[in-house]
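Reading through the C-alpha cells given below for one structure.
Below, all heavy atoms of this structure are taken into account, side chains as well, without hydrogens, waters or symmetry copies. The sequence lines fix the lettering, A, B, ..., with proteins before strands; numbering per chain opens at 1.
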Number of protein chains: 2
Amino acid sequence: MTDNEGFGNDLVWLSVLVQRRYAQICADHDLTSTQATLLCVLKDQPQGMGDLAQLLGVAKNALSGLVDRIERRGLVQRETPEHDRRAVTLSTTALGKKIVGALYADVAERMPDITSTLPADEQHQFANSVARITAPAHRTALLEHNTNHPKADEQIAG
Amino acid sequence: MTDNEGFGNDLVWLSVLVQRRYAQICADHDLTSTQATLLCVLKDQPQGMGDLAQLLGVAKNALSGLVDRIERRGLVQRETPEHDRRAVTLSTTALGKKIVGALYADVAERMPDITSTLPADEQHQFANSVARITAPAHRTALLEHNTNHPKADEQIAG
DNA sequence: TATTGTTATACTCTATAACTATA
DNA sequence: TATAGTTATAGAGTATAACAATA
C-alpha cells in the first residue's frame with residue numbers, strides 16, 4: 001500500500017502525456033484526437049450511431065455533430081440499411097481508410113517513445129501489461145452491440 | 001518487435017480508459033478534467049500564468065479563460081506581485097485546496113481499479129513502471145519555471 | 001408507444017490574432 | 001522594443017431537452 005499511494009494519480013499523469021503526444025500525431029494528420037479515435041473504431045467494420053456512441057463514450061446527439069464534421073471532409077459515410085429505415089450505418093470511405101491507416105502506423109512508431117526512460121526488459125514487461133489491460137476494451141468494442149441486441153444473436157443462430 | 005506492434009495504440013486505449021474514469025471522478029467533484037488538472041498543478045505552490053500554461057500544455061490566452069471560470073467559482077485567486085506589475089500569480093483558495101484534496105484522494109482510491117485484470121504481482125510491477133515513466137514529468141513541473149528564469153536562481157543564490 | 005437519430009441551445013476548451021499595460 | 005496577460009473571435013467537443021421519422 002505504502003509505495004502504491006500515488007499510483008492512481010500517476011496513471012492520470014501518464015494518460016496526460018499520452019494524450020498530448022496523441023493529439024500532436026493526430027494534428028500532423030489533420031485530425032483531432034476525437035476524430036482519430038472515431039476513425040479507429042470504425043476502421044475494421046461499420047457501426048450504427050447508437051453502438052458507436054457507446055464505444056466512444058459520448059451521447060448520441062454529440063456523435064451526430066462529430067459525424068457531421070468528419071463526413072463533410074469525406075472520411076466517413078452515412079448509409080440507411082433497408083431493414084430499418086430509422087437507423088444509420090457509418091463506415092469509412094476509401095480516403096478515410098487511407099488516412100486512418102497512416103495514422104495507425106504513425107502512432108505505432110512515435111508513441112512507444114513514452115517509455116524510453118525504462119530499461120529494455122521493463123519496457124517489454126510494461127507493453128505486455130498494457131496489452132492485457134486494454135484487451136477487454138477491444139473485445140468490448142466488438143461484442144458490446146451484440147450484448148444489447150438479442151435479435152442479432154438470433155439472426156446469427158438462424 | 002512482432003509482439004510489440006500494437007503497443008503504441010494500446011497506450012492510447014489505456015489513456016482513453018483512464019481519461020474516461022478521470023472525467024467521471026472529476027464530475028463527481030463538480031470539476032472538468034482540465035479544471036481538476038489545473039488545481040492539481042497549483043496544489044502545492046502558486047504559479048505565474050505563463051509557467052502554468054506551459055505546465056498544462058495550453059496557450060496563455062486559453063489559460064486566461066480557464067482561470068476566469070475557476071476563479072469565478074472561488075477555487076483559485078489571482079494576485080499581482082509587487083516586483084512586476086504585469087505578472088499574475090495564481091494560487092488555490094482554502095476552498096480550492098479542500099476540493100483538490102478530496103479529488104486527489106478519490107482518484108487514488110478509484111483509479112487503480114483500471115489494472116484489476118492483472119494478477120497482483122504484475123499490478124505491483126506495473127505501478128512501479130508508471131511511477132518511473134511519470135517521475136520526469138513531476139520534476140519538470142517543479143523545475144521548468146526556474147530553467148526559464150535565470151533571475152530566480154540568482155535570487156535564491158543571493 | 002418505443003426506438004433511432006437529429007436539432008436547438010448552452011457551456012467548456014482551444015487556437016490565432018489583436019490588444020493593453022508594464023518593463 | 002520586449003514581455004505578461006487579456007480580449008475578440010471562431011471552431012471543436014459535450015450535455016440536456018425537445019423533436020422527427022420509423023418500428
Side-chain angles (χ1 to χ4, degrees), chain A residues 16 19-20 22-24 26-39 46-73 75-90 145 148-152, chain B residues 16 19-20 22-24 26-39 46-73 75-90 145 148-152:
Chain A
V16 167
Q19 287 291 325
R20 231 173 252 184
Y22 184 52
Q24 181 57 62
C26 293
D28 290 346
H29 293 258
D30 267 309
L31 294 169
T32 65
S33 305
T34 306
Q35 291 170 343
T37 303
L38 189 157
L39 285 179
Q47 297 280 353
M49 295 290 282
D51 294 333
L52 189 54
Q54 210 173 342
L55 294 176
L56 294 177
V58 303
K60 282 192 302 180
N61 37 22
L63 182 58
S64 284
L66 235 48
V67 170
D68 285 348
R69 286 185 288 273
I70 203 168
E71 185 184 30
R72 211 179 299 145
R73 292 183 44 191
L75 307 191
V76 306
Q77 57 198 359
R78 282 177 164 103
E79 273 174 290
T80 299
E82 294 162 7
H83 61 80
D84 185 347
R85 311 233 326 269
R86 293 172 304 183
V88 166
T89 299
L90 211 69
H145 63 290
N148 292 335
H149 302 305
K151 282 180 188 172
Chain B
V16 167
Q19 286 292 323
R20 232 174 251 185
Y22 184 53
Q24 181 57 62
C26 293
D28 290 346
H29 293 259
D30 267 308
L31 294 169
T32 65
S33 304
T34 306
Q35 290 170 343
T37 303
L38 188 156
L39 285 179
Q47 296 280 354
M49 295 292 280
D51 293 332
L52 189 54
Q54 209 172 344
L55 294 176
L56 294 176
V58 303
K60 282 191 303 179
N61 38 20
L63 182 58
S64 284
L66 236 46
V67 169
D68 285 348
R69 286 184 287 275
I70 203 168
E71 184 183 31
R72 210 179 300 146
R73 291 184 42 192
L75 307 191
V76 305
Q77 58 198 355
R78 283 176 162 104
E79 275 173 289
T80 299
E82 294 161 6
H83 61 80
D84 185 348
R85 311 236 325 269
R86 294 172 303 182
V88 166
T89 299
L90 211 68
H145 64 289
N148 292 334
H149 303 304
K151 280 180 187 170

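Here the nucleotide nearest the side chain of B/Ala59, chosen from C/dT16, C/dC13, D/dA15, is C/dT16. Side-chain proximity of A/Gln35 to the nucleotides D/dG13, D/dT14, C/dT14 is greatest for D/dG13. The side chain of A/Val88 lies closest to C/dG5 when the candidates are C/dT7, C/dG5, C/dT14. Of the candidates D/dT6, D/dA15, C/dG5, the closest approach to any side-chain atom of A/Met49 belongs to C/dG5.
Atom CG of A/Leu63 is separated from atom P of C/dT4 by 14 Å (rounded to the nearest Å). Rounded to an integer number of Å, the gap from CG of B/Asp30 to P of D/dA15 is 15 Å. Distance B/Leu31 CG to C/dT12 C1': 13 Å, rounded to the nearest Å. Atom-to-atom, CD of A/Gln19 to P of C/dC13 comes out at 16 Å; the value is rounded to the nearest Å. If you take CD of A/Glu79 and P of C/dG5, they are 14 Å apart, rounded to a whole angstrom. Atom CG of A/Leu52 is separated from atom P of C/dT4 by 14 Å (rounded to the nearest Å). If you take NZ of B/Lys60 and C1' of D/dA8, they are 16 Å apart, rounded to a whole angstrom. Taking atom CG of residue A/Leu38 and atom P of nucleotide D/dA12, one finds them 14 Å apart after rounding to whole Å.
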* Structure fact -> Whether each nucleotide of nucleotides 18-23 of chain D has a protein heavy atom under 4.0 Å at its base (B), only at its sugar-phosphate (S) or at neither (-) is summarised, 5' to 3', as ---BBS
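Atom CG of B/Asp51 is separated from atom CG of B/Leu56 by 11.0 Å, given to the nearest 0.5 angstrom. Rounding to the nearest 0.5 angstrom, the gap separating the CG atom in B/Leu52 from the CG atom in B/Leu63 is 5.0 Å. Considering CD of A/Glu71 and OG of A/Ser64, their distance stands at 10.5 Å, rounded to 0.5 Å. In this structure, B/Gln54 CD and B/Gln47 CD are separated by 10.5 Å, a value rounded to the nearest 0.5 Å.
Within a 6.0 Å sphere centred on CZ of A/Arg85, heavy atoms belonging to other residues, nucleotides or ligands number 12 at most.
Each of B/Gly65 and A/Gly65 lies near DNA chain D, and the nucleotide nearest B/Gly65 is the one positioned closer to the 5' end.
Residues A/Asp30 and A/Arg73 share a closest heavy-atom pair of O-NH1, 2.9 Å.
Applying the 4.0 Å criterion to OP1 and OP2 of C/dT12, one finds that B/Thr34 has every side-chain N and O outside that range. Distances shown here put a side-chain N or O of B/Arg69 below 4.0 Å from the OP1 or OP2 atom of C/dC13.
If you check every strand for non-hydrogen atoms under 4.0 Å, A/Leu66 touches sugar and phosphate atoms only.
Contact of the B/Leu31 side chain with the B/Leu75 side chain is registered, since non-hydrogen atoms from C-beta on lie closer than 4.5 Å.
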